[in-house]
Number of protein chains: 2
Amino acid sequence: MVNFLKATKIDKTTEADILAAAKKVFIARGMYGARMQDIADEAGINKALLHYYFKNKEQLFEQIFMDAAAQLFPRINMIFTSDNSLFEKIESFCEEYITVVQENPYLPLFVLNEMNRDPVYFIKKLWQKHSGPDPRKFLEQIEAEVKKGNIRHVSPLHLLMNLLSMTIFPFMARPMFQQFVGLDEMQFRMAMEQRKKEIPAFIINAMKR
Amino acid sequence: MVNFLKATKIDKTTEADILAAAKKVFIARGMYGARMQDIADEAGINKALLHYYFKNKEQLFEQIFMDAAAQLFPRINMIFTSDNSLFEKIESFCEEYITVVQENPYLPLFVLNEMNRDPVYFIKKLWQKHSGPDPRKFLEQIEAEVKKGNIRHVSPLHLLMNLLSMTIFPFMARPMFQQFVGLDEMQFRMAMEQRKKEIPAFIINAMKR
DNA sequence: GTCTATAATTTGATAGAC
DNA sequence: GTCTATCAAATTATAGAC
């Protein structure tokens with residue numbers, strides 16, 4: 001019987017609380033730095049109940065990591081699969097990606113960090129969940145533009161690296177950039193907002209012939 | 001009396017062994033993930049002796065972190081302080097930085113990761129050791145080039161971010177890029193080698209008017 | 001489902017012999 | 001300076017009552 005009169009929270013709500021708490025703690029401190037006690041505290045429950053919902057730390061972590069990765073990778077895949085023109089892809093990617101990461105600024109560092117810990121394992125897990133991105137279309141598209149004479153010769157691989165680097169890296173290196181140039185939180189946020197237009201403009205200029 | 005006949009290694013050698021082992025383990029697993037036992041094993045000694053040389057884990061870590069940071073930050077500062085032309089700076093920075101990171105590919109992720117754990121603490125420690133980089137000269141130099149009409153208008157901050165991003169990020173995201181495009185270790189290494197020229201060319205094209 | 005209490009394990013650190 | 005043995009604290013995980 002469903003206990004709809006119960007005062008305390010029930011399963012799905014508690015589970016959601018735990019996942020939200022775990023996300024916060026894992027992303028802030030990583031797999032090793034995170035403490036089950038901290039996650040329980042953050043979720044407003046105790047450790048025993050935490051283990052009731054998730055058998056062990058590793059299992060909980062994997063779910064958080066996969067969710068985090070799922071917020072980042074499909075948007076990269078978008079570059080590869082969409083039917084837009086090259087310039088449109090670059091523009092919409094910067095716009096969308098920076099918007100997402102502004103709201104989750106620690107996601108990229110978290111994901112890349114854990115990926116590097118055990119690349120083989122995580123990539124296997126990731127690619128079996130979301131079908132692996134296939135960059136062939138994107139690479140061919142660049143070659144075609146070069147052939148048509150619309151852009152100067154650029155290496156597709158390096159263009160891809162440049163695009164992703166300029167979009168993602170500043171969030172991972174925020175403390176460094178803030179210190180270098182003396183930006184407060186608000187100024188940094190504004191700079192990232194500018195980059196939605198700045199990066200595409202930069203790339204387009206670099207590709208002009 | 002110096003025991004130069006002793007078969008076993010003596011102090012300075014052991015200390016060096018420990019530091020090398022600690023560097024390896026800390027960079028691979030971070031402050032929290034690293035185990036003193038692993039460091040001892042890697043150095044070929046036991047935990048007790050490890051604590052004889054370094055009072056505690058934190059002190060050992062700090063030394064490793066500072067050494068790692070010292071390999072990366074002064075080379076960035078080079079951009080700011082040198083008297084070369086803007087183009088020369090960009091070219092020599094890419095050349096030198098990629099060379100260093102090719103030999104220590106996990107350093108950037110390690111340093112940025114630990115920096116994000118406690119930005120205030122680490123930045124204070126860092127800046128009191130090596131005098132803080134001062135980007136004013138570099139920023140002014142860009143403004144001057146714009147004014148002289150040598151390059152199109154570019155935001156100095158964004159140019160700096162673009163340069164550092166394109167140079168450093170691919171090493172941090174190596175598993176991702178390798179998977180995306182299907183590169184083995186050797187092919188990735190070659191791609192990074194190409195970037196020594198590719199990045200400056202890309203930037204210079206983007207700045208042409 | 002949720003709690004208290006506690007077991008089991010890991011791990012940083014120390015004591016003391018050689 | 002290096003080791004064996006051990007402690008003390010932290011942390012994951014479980015037992016069992018409600």
With no hydrogens and no angle check, just 3.5 Å: does a side-chain donor-acceptor pair link B:Ser82 and B:Lys137? no

Please answer whether the main-chain N or O of A:Ser85 pairs with a side-chain N or O of A:Glu88 as donor and acceptor at a distance below 3.5 Å. yes

Within the 4.0 Å limit for protein heavy atoms, which parts of nucleotides 11-17 of chain D are touched? Write it as a string from 5' to 3', B for base, S for sugar-phosphate only, - for none. SBBBB--

Please report, rounded to the nearest Å, how far the C1' atom of D:dG1 is from the CZ atom of B:Phe54. 15 Å

Starting from C1' on C:dA13, measure out to CD on B:Gln59 and report it in whole angstrom. 13 Å

May I ask you to check whether over 12 heavy atoms, not counting those of B:Lys197, lie within 6.0 Å of atom NZ? no

Are A:Asp67 and A:Gln71 close enough that a side-chain donor and a side-chain acceptor fall under 3.5 Å? no

On the nucleotide D:dT2, are OP1 or OP2 found under 4.0 Å from the side-chain N or O atoms that B:Asn46 carries? no

What is the separation between atom CG on A:Leu50 and atom P on C:dT4, rounded to the nearest whole Å? 14 Å

Is the phosphate of D:dT2 approached by B:Thr14 (side-chain N or O, under 4.0 Å from OP1 or OP2)? yes

From CZ of B:Arg29 across to C1' of C:dT10 the rounded distance in Å is 14 Å

Using whole Å, what does the distance between atom P of nucleotide D:dG1 and atom CD of B:Glu15 come to? 10 Å

Does NZ or CZ of A:Arg189 come closer than 6.0 Å to the centre of the six-membered ring of A:Phe171, within 45° of the ring's axis? no

Is any side-chain heavy atom of B:Phe73 closer than 4.5 Å to a side-chain heavy atom of A:Met176? yes

